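Notes follow once the structure below has been shown.
What you see is a predicted model; the values in this text were computed from it and never measured. Values reported hereafter were calculated over all heavy atoms of this structure, with side chains retained and with hydrogens, waters and symmetry mates removed.
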Amino acid sequence: MKILTHKLLLKSILAVSLCGMISYAAATKIEVYKSPTCKCCAKWADHMRTNGFTVETKNIGNKEARKRAGISPSLGSCHTSLVEGYAIEGHVPASDIKRFLKERPNAIGLTAPGMPKGSPGMESSRPNPYNVLLINKEGNVSVYNRHLPSDKNKSVMRLK
């Protein structure tokens, strides 16, 4: 009887823990500051929803949000997002954001400067390689992740 009670208790704890993890992933809210007419920003927001984020779009542009976050215009893109105290600039893949939120570095956030072809929301038949950069608290950057096209023959940049 005692063993049966312990098994039931352990299974209950495991079930509650799993439900909590699932609801956390689904409940991660991200605010996206973008132009009301930008279609690639809307596609990126759809990418985030597909990957379990709750997206709240603010169709007021992103220059002020980028400035408040402390991101240099040279690292800018067409939209700025805020999630769990971090800034995400541009077309950063959801997988990089999830990893970043798990690691929780002492940083401003991540950026995919410009509008790289082949990034989420910027899908292209000729994708380019691009880097996602980590922006530290001083505003300096380092490569957080490199993204290469799956078919290197389609890339505009080829290494010999």
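- For S74, the side chain to side chain donor-acceptor pair (under 3.5 Å) partners at least two apart in sequence or on another chain are S72.
- Here the closest non-hydrogen pair linking A87 and A69 is CB-CB, 3.6 Å.
- No donor-acceptor distance shorter than 3.5 angstrom exists from the side chain of N62 to the backbone of A65, with no hydrogens or angles considered.
- Taking the side chain as every heavy atom from C-beta outward, I108 and I71 approach each other to under 4.5 Å.
- Here the NZ atom belonging to K34 is positioned 11.0 Å from the CD1 atom belonging to I60, to the nearest 0.5 angstrom.
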May I have the step-by-step check of side chain to side chain contact (heavy atoms under 4.5 Å, CB included) for E31 and T80, ending in yes or no? CA-CA 8 Å; E31 293 178 7; T80 304; over 6 Å; no

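- Side-chain N/O atoms of S77 and E89 include no donor and acceptor closer than 3.5 Å.
- Inter-residue side-chain proximity for N106 and N136 is flagged as unmet; no heavy-atom pair is nearer than 4.5 Å.
- For S124, the side chain to side chain donor-acceptor pair (under 3.5 Å) test picks out no residue, with sequence neighbours left out.
- Looking at every heavy atom in both residues, M122 comes nearest to C40 through SD-CB, 3.6 Å.
- Counting only heavy atoms from C-beta outward, the side chains of T54 and I30 never approach each other to under 4.5 Å.
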Step by step, work out the side chain to side chain contact (heavy atoms under 4.5 Å, CB included) result for N145 and N131. CA-CA 6 Å; N145 200 4; N131 292 329; over 6 Å; no

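- The residues D46 and K43 are annotated as not salt-bridged, no charged nitrogen and carboxylate oxygen being separated by less than 4.0 angstrom.
- Side-chain contact between L133 and L110 is absent, with no heavy atoms from C-beta onward closer than 4.5 Å.
- Using modelled atom types, one side-chain atom of K98 and one backbone atom of N51 make a donor-acceptor pair closer than 3.5 Å.
- Here CG of D96 is found 12.5 Å from CZ of R146. Values are rounded to the nearest 0.5 Å.
- Figure legend: R99 and Y144 shown as a cation-pi pair, the cationic atom lying under 6.0 angstrom from the six-membered ring centre and within 45 degrees of its axis.
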Under the side chain to side chain contact (heavy atoms under 4.5 Å, CB included) criterion, do V32 and V55 qualify, and how do the steps go? CA-CA 7 Å; V32 182; V55 179; 3.8 Å; yes

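- Note on I88: it does not cluster hydrophobically with I135, by side-chain heavy-atom contacts below 4.5 Å among ILVMFWY residues.
- W44 is listed as a side-chain neighbour of H79, based on a closest heavy-atom distance under 4.5 Å.
- Using a cut-off of 4.0 Å between Lys/Arg side-chain N and Asp/Glu carboxylate O, K29 and E84 are scored as not salt-bridged.
- Contact of the V132 side chain with the F100 side chain is not registered, since no non-hydrogen atoms from C-beta on lie closer than 4.5 Å.
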Determine whether C41 and S35 satisfy the following criterion, side chain to side chain contact (heavy atoms under 4.5 Å, CB included), listing intermediate values before the conclusion. CA-CA 8 Å; C41 296; S35 162; over 6 Å; no

Can you give each donor-acceptor pair under 3.5 Å made by side-chain atoms of residues 111-120, sequence neighbours left out, with the distance rounded to 0.1 Å?
{"unit_1": "T111", "atom_1": "OG1", "unit_2": "L75", "atom_2": "O", "d": "2.7"}
{"unit_1": "S119", "atom_1": "OG", "unit_2": "P116", "atom_2": "O", "d": "2.6"}

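- Under the 4.5 Å side-chain criterion, counting only non-hydrogen atoms from C-beta, H91 is not in contact with Y130.
- Between L82 and Y33, some side-chain heavy-atom pair lies under the 4.5 Å cut-off.
- Side chain of T57 to backbone of N59: no donor-acceptor contact under 3.5 angstrom is found.
- Between K58 and E56 there is a salt bridge, since at least one side-chain N of the basic residue sits less than 4.0 Å from a carboxylate O of the acidic one.
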